[in-house]
Structure formats: C-alpha cells, structure tokens
J.: 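Sending over a structure as structure tokens; questions will come in a sec.
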Amino acid sequence: MNWFWFAVIALLCWSGSDFFSKIGCRDSSDKNSHLKMVVAVGVIMGLHAAYEVFLNDVPITWDIIWLYLPVSLLYIVSMALGYVGLRYIELSISSPICNSSGALVAILSIITGTAGEMVGMQYLAVAMACIGVVALSLVEANEDDDLRKARQQASNYKYAKSWMALALPIAYCLLDAAGTFADALVLDKLGEGMADSCNVAYELTFLFAGAVSLIYLLVVKKAKFKAELELPKYLGAICETVGQLFYIYALSDTEHVAMAAPIISSYCAASVLWSRLFLKEKLSWKHYLSIAIIVIGIIIMGVFDM
C-alpha cells in the first residue's frame, strides 16, 4: 500500500469521525454527550497508546508528557468544544469552520516570522479560508428563520439561530490552530524522531481526560449510558485514531507530501457530503458557496504543504 491509499484512508476516517461524532452528539436533550464523546476517544486512544508503548516500543517519559501537556490540552479542549457544538449546528457548517484552523496557523506563522518564504498562491489560500469562514458565519447568522426551518425539515433536526452555534466551531478553530502552532514549537525543541512519543503523550493525556470525565458523569451527574447511543461515539473515536495513524503514514513518504496533504486536507468536503447524503442536511446556495471557498483554500494550503 502506498502514500495515495494511506491519504485516502486518512480522509475517509477523519470524515467518518466527523460523521459518527455528529450522530453521537447531536441529541440536544443529552447535555452530557460531549463528555461521553471525550470518554470514548480517551478509551480508544488509550488502547492505541498501550499498543505503541508495549508492542512498538515507542519511548515515553514523564518529561515528554509534561512538555507536551500544553499542546495536548489545547487539542483536547478544542475537540470537547467541537463536540458540544455538534448539538447546535449542522455538520455541513461546523466541519469547514473547524478545518480552517490551518489558515490561522499560517497567519500566526506569518506574524511571528516562522512561516518562511511564501508564494502568492499561499497568501491567496489563507485569505480564501478566512473569507469563507467569515462569509459562512454571516450567512448563518442572517438567515431568515422561516427559510432555516424549511430547509431543516428533511433531517428532522431543528437548529435555532444562536451565537453559541457559531461560537463553538470558531472556538475549536482558534484552539486547534494554537495547538498546531505550539505543536511545531515543542517538536522542534524535542528534535527529530520524537513525533511518535509526542503522539503517545497526547493519547495518554486524552485517556486521563476521558477517565476524569467518566468519574464526573457517574459520580456527580449520575449519567446513564445506553449502548445503542454510545456506539456512534466509539465508531467516531476509532475513525479519529485510525485517521491519525494513516495521516502519519501518508506524510512519512516525503516525496509525495505535496500530493498527500491536499487529499487529506479536503476531508471536510467529504464530511459535508456524508451529512448531505445520510443526515439529510440541506443548506442554501450561499452556505455551499462559502463552504466551497473554504475547501478550495484548504486544498491549496495542502498543495503547498504549509
């Protein structure tokens, strides 16, 4: 199996993670669905971390865990907020906004002078992703309530216009961008060959977050768990973890990074497709135009491997 199939599998898995997480978290009556999703991801990532440490001999120490902890927390908090957001907004809208974090990383890199030399198309890609998010937010915020209700009839899920609906995926975008930027700094400090150890540190921290969430749910909230409602969460967690694994495999073929990166980066487009086909989400042409601008910007960034 070569880089192309690794990239395709990563794309399918991460879009699948979006899809199953949406199914697992979209019930607005379950106020704890986001914490249950954190538990699911923590369990699966903890199992993968154990596999990496005990079978693949990936080195891990407390020093690495503590050094990588700020990065892990940024990623975990961003994902938890993203899971909350899935109760309030369509996946078709939230996924492209969340995936625009790459544009913010580029902006941070430009501001701090760590971006290196960039060509005009890269600046255009950053601008497109940012413009698309702003446009999508404006379209969503200003949509007529009657039109919103009419287009949501097919999915049988009604999302009311609210500031939280847009604030949560935007918060995810900001925190994920900060995590990615900090990730590069920590990896640079640790040196080459430490990516696997940092990934294990992240997974173990997520396992701890999942354990704390489970204790809180059982002891404080007295929450009930139903197998049929939890299954999509664990499928999403598996997709998230497997996608990360194949992402690493795809980008390890350095000769084809420029082709693998845009394939993987476009997974939010697949998420929109799944939400349209299976969740029956229907958006206006203004929504789809804004999403198209974002996706094109993300793909261009992937081509130039920011």
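Note that these values count all heavy atoms, side chains included, but never hydrogens, waters or copies made by symmetry.
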J.: Step by step, would you call K233 with F20 a side-chain contact (heavy atoms from CB on, under 4.5 Å)?
T.: CA-CA 6 Å; K233 297 182 179 68; F20 288 116; over 6 Å; no

J.: Would a distance-only check, ignoring hydrogens and angles, find a side-chain to backbone donor-acceptor pair under 3.5 Å from S78 to Y75?
T.: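 Here the side-chain-to-backbone pair exists.
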
J.: Are D30 and R87 ion-paired here, with the side-chain N under 4.0 Å from a carboxylate O?
T.: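 No.
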
J.: Using a distance-only test with no angle check, is there a side-chain donor-acceptor pair under 3.5 angstrom linking Y267 and N99?
T.: yes

J.: Using the side-chain contact (heavy atoms from CB on, under 4.5 Å) rule, take L214 and L218 through it: C-alpha gap first, then chi angles, then the decisive distance, then the call.
T.: CA-CA 6 Å; L214 180 61; L218 293 176; 3.8 Å; yes

J.: Could you list all the ring pair (Phe, Tyr, Trp, His ring centres under 6.0 Å) pairs where at least one residue sits in residues 22-54, not counting sequence neighbours?
T.: none

J.: Going through the checks in order, is the side-chain contact (heavy atoms from CB on, under 4.5 Å) test met by W14 and C239?
T.: CA-CA 6 Å; W14 275 351; C239 287; over 6 Å; no

J.: Could you list the cluster mates of L229? Members are the ILVMFWY residues connected by side-chain heavy atoms closer than 4.5 Å, either directly or through other members.
T.: none

J.: Is the number of heavy atoms from other residues, nucleotides or ligands within 6.0 Å of CZ (F208) greater than 12?
T.: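 Counting other residues, nucleotides and ligands, CZ of F208 stays at 12 neighbours or fewer.
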
J.: According to a hydrophobic-cluster definition based on side-chain heavy atoms being under 4.5 Å apart (Ile, Leu, Val, Met, Phe, Trp, Tyr only), do I296 and I298 belong together?
T.: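 The answer is yes; both residues are in one hydrophobic cluster.
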
J.: Below 4.5 Å, heavy atoms only, C-beta onward: do M37 and E230 meet side chain to side chain?
T.: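 The answer is no, as the side chains (C-beta and beyond) never meet within the 4.5 Å cut-off.
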
J.: Check whether Y83 and V212 end up in the same hydrophobic cluster, where Ile, Leu, Val, Met, Phe, Trp and Tyr are linked by side-chain heavy atoms less than 4.5 Å apart.
T.: no

J.: Side-chain contact, heavy-atom cut-off 4.5 Å: K286 with L136?
T.: no

J.: Under 4.5 Å between side-chain heavy atoms, hopping through other hydrophobics if needed: is there a path connecting V272 to I299?
T.: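 Hydrophobic grouping puts V272 with I299.
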
J.: Determine, using ring centers only, whether W5 and F246 are less than 6.0 Å apart.
T.: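 Aromatic pair excluded; centres sit 6.0 Å or further apart.
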
J.: Take M45 and L207, measure what side-chain contact (heavy atoms from CB on, under 4.5 Å) needs, and give me the verdict at the end.
T.: CA-CA 7 Å; M45 285 196 174; L207 173 62; over 6 Å; no

J.: Any chance you could measure I23, atom CD1, to L235, atom CG, to the nearest 0.5 Å?
T.: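 Rounded to the nearest 0.5 Å, the CD1-CG separation comes out at 8.5 Å.
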
J.: Can you label the angle between the Y202 ring and the F206 ring as parallel, tilted or perpendicular, going by 30° and 60°?
T.: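 Answer is perpendicular, since the angle exceeds 60°.
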
J.: I'd like to know if the side chain of S271 pairs up with that of S15 as donor and acceptor (distance under 3.5 Å, no hydrogens or angles considered).
T.: no

J.: Check the side chains of H287 and S290 for a donor-acceptor pair under 3.5 angstrom, ignoring hydrogens and angles.
T.: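 Their side chains do not contain a donor-acceptor pair, so the 3.5 Å distance test is not met.
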
J.: Do V295 and L283 belong together in a cluster built from hydrophobic side chains that touch within less than 4.5 Å?
T.: yes

